[in-house]
Asker: 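Take this structure first; my questions come after.
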Amino acid sequence: MKRTRVRFAPSPTGPLHMGGVRTALYNYLYAKKNGGDFTIRIEDTDSHRFVPGAEEYIIKSLRWCGIIPDEGVDENGKVVSTPSAKHPHAPYRQSERRSIYRKYADQLVEAGWAYYAFDSAEELEKCRAAAESAGQTFIYNSGTRGALRNSLTLPADEVATLLETTTDWTVRFKMPEGRVVEMDDLIRGHVSVDTSTLDDKVLWKRADELPTYHLANIVDDHLMEITEVIRGEEWLPSLPLHYLLYEAFGWERPRFAHLPLLLKPVGNGKLSKRDGDKMGFPVFPLNWQNSEGETYHGYREDGYFPEAFVNLLAMLGWNPGTEQELFSMDELIDAFSIDKVSKSGAKFNPDKAKWYNREYLRMKSSEELAQLFIPVLEAHGISGADPAYVLKVVELIRERATFVEDFWTIAPYLFIAPSEYAAYGVSMVPKPDPSKPIDPRAKVYDESLTAPFVAKDSEKFWSAEIYAMALEASRQGEAMEDYIRAKEWPIGKVMNLIRLGLTGSASGLGVLQIAALIGPEEVERRMKYIAERLA
RNA sequence: GCUGGGUUCGUAUAACGGUUAGUACUCAAGAUUCUCAAUCUUGCAAUAUGGGUUCGAUUCCCGUACCCAGUACCA
């Protein structure tokens with residue numbers, strides 16, 4: 001039995017988005033499930049589209065997710081360029097493997113599976129334009145190659161000269177005529193394609209002496225002893241070519257699995273990097289800044305736990321057939337099975353993503369969450385917070401939080417006094433009730449506190465009354481509820497007013513809980529402040 | 001256009017010829033409460049469509065519609 005070996009082969013043309021991470025994850029799960037190796041190979045055969053920093057970003061992203069390669073371009077942050085016991089197949093970057101591919105391209109030409117093509121890009125462009133104006137599509141294949149400039153049509157000596165003297169020729173695959181390629185896909189089952197619909201793909205380019213994806217991919221997968229190729233659905237159309245390439249080389253081919261695409265949450269089409277910022281969710285694992293200085297949001301920076309991100313990604317297009325939804329990486333490895341991967345594209349649901357994060361947040365201990373919360377507090381200018389106090393806050397808020405950041409956004413007033421009051425809250429302060437006139441001179445409450453209201457106008461009597469009750473009640477500390485009930489005051493109204501004073505907001509945590517946390521002196525201070533502000 | 005792939009509640013999916021078509025997210029209502037969340041309970045909501053095959057089709061076959069991908073000297 002051959003050892004299972006899979007690879008994740010990204011192209012460093014930009015940041016890896018969540019669809020790419022999912023592809024890597026499924027490869028990783030498959031490898032680990034089968035006790036095999038997960039390798040990373042960088043497919044940088046397109047010299048024009050190389051983006052600095054992209055490769056590093058990809059490796060860092062996968063590491064954040066806990067997807068650690070057994071073998072590959074980078075381990076522990078350093079470049080692996082020369083073969084070693086641990087890295088027998090190095091280098092893992094195709095640009096560093098340049099010298100390998102030429103001989104395979106030539107081998108195919110010698111065997112009659114490929115030929116040299118001398119058509120310039122402009123000539124081909126002309127062919128395409130001509131076909132298009134005739135309402136057809138130009139295909140470089142058995143139907144057209146006889147009329148084009150290549151080693152099949154040109155005399156041998158001219159071919160030899162061109163090979164020597166020009167530098168823009170290519171090696172093209174000679175797509176056989178009239179064959180039906182029968183293929184098997186681990187996810188889709190049997191697929192067949194007629195070769196007459198396929199074209200003579202470029203395999204190798206003299207201009208930069210680099211192979212194209214197709215050649216490099218097959219050669220490297222073979223050399224690296226890959227047993228299963230698990231990749232995105234966009235590769236399904238080139239599967240016949242890849243099958244034929246294995247046949248041409250006489251190599252045993254790996255098994256293939258084409259994963260469904262990740263689709264945008266609303267509307268049609270696949271998830272693109274713009275969708276996230278438009279719809280308010282990240283599409284990248286980590287923040288990414290492009291060359292124009294624009295930053296794209298990352299799951300990490302938006303507060304997602306890597307375990308939650310991995311979990312939600314795993315469940316997009318795969319499911320174990322049970323009702324379990326929460327999986328650790330080890331559980332995923334244990335449950336993973338490629339034939340449970342669905343065939344259709346999965347629309348990403350940001351709400352569900354948040355749900356996953358909340359579930360993971362709830363699984364963490366309050367101590368751990370408090371630890372994570374400290375830096376958030378510091379970022380908001382709260383330094384040197386008492387760890388015991390922070391822990392109490394976390395315990396009070398944890399059930400309502402989705403992200404660690406929420407510990408701050410839900411109740412900043414547990415750390416700083418409110419300076420503004422929500423308009424809605426202020427509007428809820430009771431208005432005068434004509435049917436229930438209050439005697440402004442009643443001496444039930446502290447006159448110094450009710451005075452501002454009484455002095456202004458009778459319209460505010462009722463408000464003043466409530467303020468006075470709230471102030472009085474707030475002085476009772478944690479006993480305020482009993483006090484209010486004993487006095488038979490309208491508990492909801494009084495409590496809401498105290499909450500407004502304490503938090504600046506019309507809704508939120510329990511008043512008693514807030515009072516207990518911030519302490520009686522702070523309660524008094526805040527209540528006096530609101531009395532002055534709203535007078 | 002052509003070639004290939006896909007199609008179960010709004011979303012992710014379960015049901016590998018026989019179920020009142022299940023679950024989760026979202027949404028709605030109720031309970032609870034000093035408010036808001038959380039929580040609990042209940043509810044709304046799906047087999048794209050037309051033909052076959054079969055005693056019986058979500059499930060198998062064919063057509064149609066729609067969606068997606070590919071159609072580069074990009075991956």
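All figures in this text were calculated on a predicted structure; none of them were measured in a lab. Residue numbers start from 1 in every chain, and the chains themselves are labelled A, B, ... in the order their sequence lines are given, proteins ahead of strands.
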Asker: Report which part of the nucleic acid A/Trp235 touches: base, sugar-phosphate, or nothing (heavy-atom distance under 4.0 Å, all strands).
Answerer: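 Touches a base.
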
Asker: Please work out if A/Val266 contacts a base, only the sugar-phosphate, or nothing of the nucleic acid, heavy-atom cut-off 4.0 Å.
Answerer: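 Answer is nothing: A/Val266 stays at 4.0 Å or more from every strand.
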
Asker: For the aromatic rings, using the six-membered ring if either is Trp, is the centroid distance between A/Trp318 and A/Tyr26 under 6.0 Å?
Answerer: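 No, the ring centres sit 6.0 Å or more apart.
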
Asker: Remember a base hit wins even if backbone is also touched, and classify A/Gln136 as base, sugar-phosphate or nothing at under 4.0 Å, heavy atoms.
Answerer: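 Nothing, no nucleic acid heavy atom in range.
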
Asker: Classify the nucleic acid contact of A/Lys270 as base, sugar-phosphate or nothing, counting any heavy atom under 4.0 Å across all strands shown.
Answerer: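 Sugar-phosphate contact only.
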
Asker: What nucleic acid atoms does A/Ser342 come within less than 4.0 Å of, heavy atoms only: base, sugar-phosphate, or nothing?
Answerer: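 Counting heavy atoms under 4.0 Å across all strands, the contact made by A/Ser342 is with sugar-phosphate only.
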
Asker: Using ring centroids (six-membered ring only for Trp), state whether A/Trp235 and A/Tyr213 fall under 6.0 Å.
Answerer: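 Yes, the ring centres sit under 6.0 Å apart.
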
Asker: Ring centres of A/Phe305 and A/Tyr360 under 6.0 Å apart?
Answerer: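 For A/Phe305 and A/Tyr360, the ring centres are not under 6.0 Å apart.
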
Asker: Report the nucleotide, chosen from B/U26, B/C73, B/U13, that has the shortest atom-to-atom distance to any side-chain atom of A/Arg358.
Answerer: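 Nearest nucleotide to the side chain: B/U26.
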
Asker: Ignoring hydrogens and angles, answer whether the base of B/A38 and the side-chain atoms of A/Arg400 contain a donor-acceptor pair closer than 3.5 Å.
Answerer: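 No, no donor-acceptor pair under 3.5 Å.
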
Asker: How is A/Arg362 classified with respect to the nucleic acid when contacts are heavy atoms under 4.0 Å: base, sugar-phosphate, or nothing?
Answerer: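 Sugar-phosphate contact only.
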
Asker: Can you tell which of B/C74, B/A15, B/G6 lies closest to the side chain of A/Lys205?
Answerer: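 Given the options B/C74, B/A15, B/G6, the side chain of A/Lys205 is closest to B/C74.
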
Asker: Aromatic ring centroids of A/Phe284 and A/Tyr299 under 6.0 Å?
Answerer: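 For A/Phe284 and A/Tyr299, the ring centres are not under 6.0 Å apart.
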
